[in-house]
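First up is the structure itself, then whatever we jot down about it.
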2 protein chains.
Amino acid sequence: MIVSTAWPDHALAALRDAGLRSGGARRAVVAHLARHDCCRSAQEIHDGVRAEGGTVGIASVYRVLDTLVALRLVQRVELGDGVARFEPSTSDGHHHHHVVCDGCGKVEPFSDNALEHALEGVAGRLGFAMDAHEVVVRGACDTCRA
Amino acid sequence: MIVSTAWPDHALAALRDAGLRSGGARRAVVAHLARHDCCRSAQEIHDGVRAEGGTVGIASVYRVLDTLVALRLVQRVELGDGVARFEPSTSDGHHHHHVVCDGCGKVEPFSDNALEHALEGVAGRLGFAMDAHEVVVRGACDTCRA
DNA sequence: ACCAAGACGAGAGTCGTTATCATCTCTCGC
DNA sequence: GCGAGAGATGATAACGACTCTCGTCTTGGT
């Protein structure tokens, strides 16, 4: 779950390797994502960067996120509230999923090997070359249930 | 995967049990869902009902779907394209998930016991009372890969 | 420093979804 | 069956997330 501290460098290097230039918006979005490694919406990123003095446009945020997703540097996450969220994807293939509490809206990450194995089995059985998957568990957290 | 042929009756009965009335829009949406048991968007339902001579408003479709989801008669599914889809949820607890082909957009349902067990294990470990979960597998189907 | 390609920001536009409100209809008590 | 009121419906306006467009600015190579 820990995003390597080298992630922003890795991401910027990958952008360059892809033949893309280094612009202010890209740097700002990458830096912001690196500081908040779980589930940031485009709006949150936009506001966050602005709060730190940057002047990125919301369009640029979406553009940068699009690029990062295409390069598999960022994973898009949909929690069912109509807002796409984004988080850095680690290069070592280790990733996590999310539980959402219907009561308080709290989001918590988790990872589970049995789950990953089951998904690989399913993909193989169906003749799919799985290159991504998303799991969202919904329920009531212990405090909301009390 | 097979939706019981009794689903529409079950759904209408559940609506009544919840103290709700039987209006034309509810019957039309339930009937349409029963005929297409996998992944229908609100727009598709609206168009489908209209094509059959009904006169439901799009607002009513969303309202009815909202009600059905709240009563757990219908499951909301997000495949990542910004459109919410809906399908009947069987009363016996048996449900399915979806694989989406990034190449041709084909959607296929699947179900897997190991996956369900893994999810239950995760929820228990986190202290969550899981009452729903959604899994989307993304990849290339065998024809798109060839 | 110059220049072309590319990146950027602002704002308009698109589209799925939700809220509003006046009208209609179902259900219950008579 | 009938009337009344609560609830359901449909058209439309409003909303919000996201995308497109376009003119300007920056980057990186020369």
Side-chain angles (χ1 to χ4, degrees), chain A residues 11-32 39-71 73-74 76-86 105, chain B residues 11-32 39-71 73-87 105:
Chain A
L12 293 174
L15 286 168
R16 177 159 317 172
D17 290 350
L20 301 170
R21 291 184 189 168
S22 158
R26 296 216 173 109
R27 277 192 300 271
V29 170
V30 167
H32 185 91
C39 283
R40 303 289 289 174
S41 70
Q43 196 64 56
E44 284 170 338
I45 295 169
H46 181 241
D47 294 347
V49 170
R50 294 236 160 184
E52 291 152 12
T55 56
V56 285
I58 185 72
S60 294
V61 173
Y62 281 109
R63 248 186 318 236
V64 171
L65 288 171
D66 235 32
T67 305
L68 292 171
V69 169
L71 292 176
L73 296 165
V74 160
R76 174 189 299 254
V77 176
E78 313 243 2
L79 298 181
D81 60 349
V83 183
R85 291 158 191 281
F86 302 86
Chain B
L12 292 175
L15 285 168
R16 177 160 318 173
D17 290 351
L20 302 170
R21 289 185 191 169
S22 160
R26 295 213 173 112
R27 279 191 299 269
V29 170
V30 167
H32 185 91
C39 282
R40 304 288 290 174
S41 71
Q43 197 64 57
E44 285 170 338
I45 295 168
H46 181 242
D47 294 349
V49 170
R50 293 237 160 182
E52 291 152 14
T55 56
V56 285
I58 186 71
S60 294
V61 172
Y62 280 108
R63 247 186 317 237
V64 171
L65 288 171
D66 235 32
T67 305
L68 292 171
V69 169
L71 291 176
L73 296 164
V74 160
Q75 190 176 2
R76 176 191 297 256
V77 176
E78 313 244 2
L79 298 182
D81 60 349
V83 183
R85 290 158 192 281
F86 302 86
E87 58 190 29

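Per chain, numbering begins at 1; letters A, B, ... match sequence-line order. Since the model is a prediction, treat every value here as computed from it, not as a measurement. Below, each value reflects all heavy atoms present in this structure, side chains not excepted, and no hydrogens, waters or symmetry copies.
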Worksheet item: Looking at CG of B/D47 and CD of B/E52, how far apart are the two atoms once the value is rounded to the nearest 0.5 Å?
Response: 11.0 Å
Worksheet entry | Rounded distance [0.5 Å steps], CG in B/L68 versus CZ in B/R26 | 8.0 Å
Fill in: Selection: residues 24-31 of chain A, any non-hydrogen atom under 4.0 Å of DNA chain D
A/R27
Worksheet item: How many Å lie between NE2 on A/H46 and P on D/dG16, as a whole number?
Response: 16 Å
Worksheet item: Given atom CG of B/L15 and atom P of D/dA8, what is their separation to the nearest angstrom?
Response: 10 Å
Discussion item. Using whole Å, what does the distance between atom C1' of nucleotide D/dG16 and atom CG of A/D47 come to?
Written reply: 14 Å
Fill in: Nearest heavy atoms of A/V56 and A/H46, plus distance in Å
O-NE2, 3.1 Å
Item to complete: Under 4.0 Å from any heavy atom of chain A: name the first and the last nucleotide of DNA chain C that qualifies, 5' to 3'.
Response: C/dA5 to C/dG11
Practice prompt. Check the distance between D/dG7's P and B/R16's CZ and give it to me in whole angstrom.
Written response: 16 Å
Just list the side-chain donor-acceptor pairs under 3.5 Å for residues 13-25 of chain A, sequence neighbours left out, or say none.
| unit_1 | atom_1 | unit_2 | atom_2 | d |
| --- | --- | --- | --- | --- |
| A/S22 | OG | A/R27 | NH1 | 2.3 |

Write out a two-atom table: protein N or O, nucleotide N or O from nucleotides 17-21 of chain D, distance below 3.5 Å.
| unit_1 | atom_1 | unit_2 | atom_2 | d |
| --- | --- | --- | --- | --- |
| D/dC18 | OP1 | A/A84 | N | 2.8 |
| D/dC18 | OP2 | A/Y62 | OH | 2.6 |
| D/dC18 | O5' | A/Y62 | OH | 3.4 |

Response to the item:
The reported gap from CD1 in A/I45 to CZ in A/R50 (rounded to nearest 0.5 angstrom) is 14.0 Å
Anything under 3.5 Å between a donor and an acceptor, one on a side chain of residues 73-81 of chain B, the other on a protein residue two or more places apart or in another chain? List them.
| unit_1 | atom_1 | unit_2 | atom_2 | d |
| --- | --- | --- | --- | --- |
| B/D81 | OD1 | B/V83 | N | 3.2 |
| B/D81 | OD2 | B/R85 | NH2 | 3.2 |

Practice prompt. For B/H32, enumerate each residue passing the ring-ring contact (aromatic ring centres under 6.0 Å, His included) test, keeping only those at least two apart in sequence or located in another chain.
Written response: B/H36
Run the side-chain donor-acceptor check on residues 57-66 of chain A: report pairs under 3.5 Å with partners two or more places apart or on a different chain.
| unit_1 | atom_1 | unit_2 | atom_2 | d |
| --- | --- | --- | --- | --- |
| A/S60 | OG | A/R63 | NH2 | 3.1 |

Discussion item. Between the opening five pairs and the closing five pairs of the helix from C/dA1-D/dT30 to C/dC30-D/dG1, how far apart are the helix axes, to 10°?
Written reply: 40°
